[in-house]
Amino acid sequence: MAQISLTLPDGNARSYDAGITAGEVAADISKSLGKKAISATVGGAHYDLAWPIEADAEIAIHTMQDEEQANELVRHDLAHIMARAVQEIWPDTKVTIGPVIKDGWYYDFDRAEPFTPEDLGLIEKKMKEIINKRDPVRTEVWDRARAVKFYEDNGEPYKVELIDAIPGDEPLRMYWHGEWQDLCRGPHLQHTGQVPGDAFKLMSIAGAYWRGDSDRAMLQRIYGVAFTGKEKLRAHLNMLEEAAKRDHRKLGREMDLFHMQEEAPGQIFWHPNGWNVYTTLQDYMRRKQRADGYKEVNTPQVVDRKLWEASGHWDKYQEHMFIVEVEEEHAKEKAINALKPMNCPCHVQIFNQGLKSYRDLPLRLAEFGSCSRYEPSGALHGIMRVRGFTQDDGHIFCTEDQIEAECAKFINYLAGVYDDLGFTNFEIKFATRPEQRVGSDESWDHVEGALEAAIKATGRDFTLEPGDGAFYGPKLDFYLTDAIGRVWQCGTFQVDPNLPERLGATYIGEDGAKHRPYMLHRACLGSFERFIGILIEEHAGKLPFWLAPRQVVVASITSDADDYVVEVVETLKAAGVRAEADMRNEKINYKVREHSVGKVPVILAVGGREVEEKTVSVRRLGDKQTSVQPLADVANALGLEATPPDLR
RNA sequence: GCUGCUGUAGCUCAGAGGUAGAGCACUCCCUUGGUAAGGGAGAGGUCGAGAGUUCGAUUCUCUCCAGCAGCACCA
């Protein structure tokens, strides 16, 4: 029997017969480790304790204390236990796949009857029974033909299809939790009783397409969350509750920012408070982009289909466009227009007016461009995914050699804006050439190289998304996260040689000949709507003072202070602060509560003492403490705070 | 768009085959109260829209619309 050498984390090497399992190694190290072991990392791979080890490797034995591995195993075993429970309760259910995801797992089932919320309780109960049985987990490696036969005989067509989709011809790993069987890569725990029975919860039922393909069957997906202990589960559920309080739809109502109604799905009625945030942000962006070398433009909303045909959008996105037909009495044919779904073709029209010289490049055009897209009904989400929105759009016309510098310039611009708005963490994804594309490999090499060099020059991390670029060029996407961890694309930077080509954009080069410019599509916030949604959730409604729609409420404690309240409000307004008076016949407690719920950052209470001393009692949102300060000082300080960061 | 769920007062929700209720918000009165809800009275609803079953529908059935969760989509 061949010998292999296994190196432990402490550097010690041990010699074993090839084919020994990690479970046996753990038991050999110590009896207690043998009992506590749940899995191992062998040569960098996560190993089941029952798998044989055939070659020299570094090995680390894991116990429930190793959060990462323990969570993976617990969640993965729960996926199997849940599938078993479902099939025990409803034997006609077909199983498909059940992977581990962030905080838990899901499993997709095919069953004629829909699962109900009450069913979740039944399934949970059955799962706990299975856990209490401490059924052994067993694994074997089968050849394909045997596995296919097995699933055909058991009436599990999805499993047969999965096997067909696994490339190559290697044998397959089979797992049993008790008598219940599943095709699975593993690893798993050793028996069902190792799963903490009080640290998981089934969360929701939803539809999901088989293999993520909308042309195929709709399955029923059950989501669960699981942790290694019940305290961690509780903390997670708590976090979700807190996150729900930050939902921009809820805060939008509480702060009286906007509303939506069914006559205009996916479009926003901005209330005075919300529009104040919007315009304050827009004014800020206008100054920022002007300072960064952009020229602001504005283009039409309703544009003849001819332009969309020329740009290629009519062909590809017609069903996502709002079509406007105009029938004029004397017209030979009725005009068919579309509300613009994007601004780029219009910007090319501006570029195309008059001859452009290489001396004009890079030409940076910016527009707060209102766009309308007929998004699928199921995609709509508060103000984050809407049908009517305004991009902080911009297009840079430049030469190939200017791309890298423009990209670096844009990333710095974006980082500065995000920083001012309270986001220091954002994710950059670099999407490169897809299979279906236009342009030469040489040109792709050059452009991708330019983007990569530009990001690297900023020293920021990025993740590579190979094949995710647009058909015409690579792109960078910038992502922010909402209250419950959903990730939203905000900024973008895309290199496009295609649209200038289609719409005939040219410039006169140094050589006197016409050349084709590159077009860089870029947006920093993405859309004001989505960005404000994220801003609300990120700050839990406590917007930075300069952005807060209602900055200060001056509240009287007794009506004797009313005149002074007016004086304080006027003083603050003169200092550039959005201040309002609250002289209602209500107790100060009541006023403080109401304006706190409304997320007003500063409440100034004034009563007899303040009138006497020309002071105000300052209370900041979220603080329990108040402090009495001279009015002049407070007006000064708040005036500064009310100034947008780029003007301080 | 797909699967499932939901739709009752401005908001949060209760209710039942015999034409509707609470709390908060709103209006008025009393109260002048020192930092997250003082007291009283009043007003407010085509029970998402349409059709069907029924003596009678807001309640049951169907269709549509919108919202929520997830999937698919996101130029």
Side-chain angles (χ1 to χ4, degrees), chain A residues 106 108 113-117 119 203-223 247 249-250 253-254 256 259-266 308 311-321 340-345 371 373-382 384-387 389 391 470-472 475 477 484 486 488-489 492 494 496 498-499 521 526-527 530 555-562 583-598 603-610 617-628:
Chain A
Y106 66 76
D108 288 348
E113 286 285 296
F115 292 114
T116 67
D119 290 342
M203 301 298 282
S204 62
I205 310 152
Y209 294 110
W210 169 234
R211 308 200 68 123
D213 182 345
S214 58
D215 291 331
R216 308 205 57 180
M218 176 63 72
L219 305 171
Q220 297 190 65
R221 176 173 295 180
I222 301 179
Y223 285 93
D247 190 306
R249 292 164 295 190
K250 181 176 157 71
R253 194 168 47 242
E254 289 172 357
D256 196 15
H259 86 272
M260 303 174 87
Q261 62 187 50
E262 60 177 270
E263 287 80 358
W308 308 115
S311 70
H313 293 102
W314 188 263
D315 224 26
K316 218 173 160 201
Y317 292 106
Q318 198 187 138
E319 70 272 35
H320 296 297
M321 289 161 79
K340 72 172 165 183
M342 54 181 351
N343 309 298
C344 349
C371 298
R373 297 181 184 174
Y374 191 79
E375 299 284 6
S377 57
L380 302 178
H381 181 91
M384 305 274 230
R385 184 84 182 268
V386 287
R387 289 184 175 155
F389 55 94
Q391 298 175 316
F471 70 89
Y472 48 74
K475 59 175 182 170
D477 286 325
I484 62 169
R486 281 180 294 220
W488 296 89
Q489 188 205 314
T492 189
Q494 308 180 12
D496 182 5
N498 183 58
L499 200 58
H521 308 258
S527 81
R530 175 177 295 182
S556 56
I557 295 169
T558 72
S559 54
D560 292 341
D562 283 359
M583 299 181 288
R584 290 175 303 169
N585 176 14
E586 296 292 350
K587 290 194 171 167
I588 191 65
N589 293 327
Y590 182 90
K591 295 181 183 181
V592 165
R593 179 186 146 78
E594 184 176 287
H595 299 126
S596 298
V597 168
I603 298 169
L604 300 181
V606 298
R609 293 203 292 274
E610 287 78 11
S617 166
V618 184
R619 187 187 211 279
R620 311 255 358 174
L621 182 59
D623 285 358
K624 290 248 156 49
Q625 296 297 313
T626 59
S627 69
V628 175

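The listed nucleotides are B:A66, B:C71, B:G34; the one nearest the side chain of A:P265 is B:A66. Comparing B:C73, B:C71, B:A37 against the side chain of A:N589 picks out B:A37 as the nearest. Of the candidates B:C2, B:G34, B:G7, the closest approach to any side-chain atom of A:E262 belongs to B:G7. The side chain of A:A379 lies closest to B:C73 when the candidates are B:C71, B:A37, B:C73. Considering only side-chain atoms of A:Y590, the nucleotide from B:A75, B:C68, B:A25 that sits closest is B:A25. For A:L621, whose side chain is taken as the heavy atoms from C-beta onward, the closest listed nucleotide among B:A72, B:A36, B:A69 is B:A36. Checking B:G38, B:G1, B:A75 against the side-chain heavy atoms of A:S377 singles out B:G1 as nearest. Of the candidate nucleotides B:A36, B:C65, B:C74, B:C74 has the atom lying nearest to any side-chain atom of A:R373.
Nucleotides B:A36 and B:G40, compared at atom P, are 22 Å apart to the nearest Å. Rounded to a whole angstrom, the distance from the C1' atom of B:G21 to that of B:U59 is 15 Å. Comparing B:U3 with B:G42, their P atoms sit 50 Å apart, to the nearest whole Å.
One finds no side-chain N or O of A:H595 lying less than 4.0 angstrom from the OP1 or OP2 phosphate oxygen of B:U35. At the phosphate of B:A36, OP1 or OP2 sits under 4.0 Å from a side-chain N or O atom of A:R619. When the side-chain nitrogen and oxygen atoms of A:R486 are compared with OP1 and OP2 of B:A69, one or more of them lie within a distance under 4.0 Å. Remark: A:R253 is in phosphate contact with B:U12, judged by side-chain N or O atoms under 4.0 Å from OP1 or OP2.
Rounding to the nearest 0.5 Å gives a distance of 3.5 Å between NE2 of A:H313 and CE of A:M342. Interatomic distance, A:I588 CD1 to A:T558 OG1, rounded to the nearest 0.5 Å: 10.0 Å.
Using the Watson-Crick or G-U wobble rule with both distances under 3.5 Å, B:A72 pairs with nothing in any strand shown. The base-pairing partner of B:G18, taking Watson-Crick or G-U wobble contacts with both distances under 3.5 Å, is B:C55. Base pairing analysis places B:G44 opposite nothing; no Watson-Crick or G-U wobble pair with both distances below 3.5 Å involves it. In a base pair of the Watson-Crick type (N1 to N3 plus N6-O4 or O6-N4) or a G-U wobble (N1-O2 and O6-N3), with each distance short of 3.5 Å, B:U35 is matched with no nucleotide. The pairing partner recorded for B:A66 is B:U6, the criterion being a Watson-Crick or G-U wobble arrangement whose two distances lie under 3.5 angstrom. Across all strands shown, B:A25 forms no Watson-Crick or G-U wobble pair with both key distances under 3.5 Å.
Within the 4.0 angstrom heavy-atom criterion, base atoms lie near A:E610. Within the nucleic acid shown, A:G212 comes within 4.0 Å of sugar-phosphate atoms alone, with no base atom in reach, counting heavy atoms only. Note on A:P114: only backbone sugar-phosphate atoms sit closer than 4.0 angstrom, heavy atoms only; bases stay farther off. Across all strands shown, A:G622 has no heavy atoms under 4.0 Å from either base or sugar-phosphate atoms. Residue contacts for A:R249: at a heavy-atom cut-off of 4.0 Å it reaches the sugar-phosphate backbone alone, with no base atom in range.
Mapping A:E594 and A:R385 onto RNA chain B by nearest heavy atom places A:E594 at the nucleotide closer to the 5' end.
A:C371 and A:P341 make their closest contact through CB-O, 3.6 Å (heavy atoms, listed as atom of the first residue, atom of the second, distance).
For B:U35, the base has no donor-acceptor partner in the side chain of A:T626 [N/O atoms by modelled type, under 3.5 angstrom].
B:A69 atom P lies 5 Å from atom NE2 of A:H381, rounded to whole Å.
Stacking of the aromatic ring of A:F115 onto the base of B:G4 is not found under the criterion of centres within 5.5 Å and planes under 30°.
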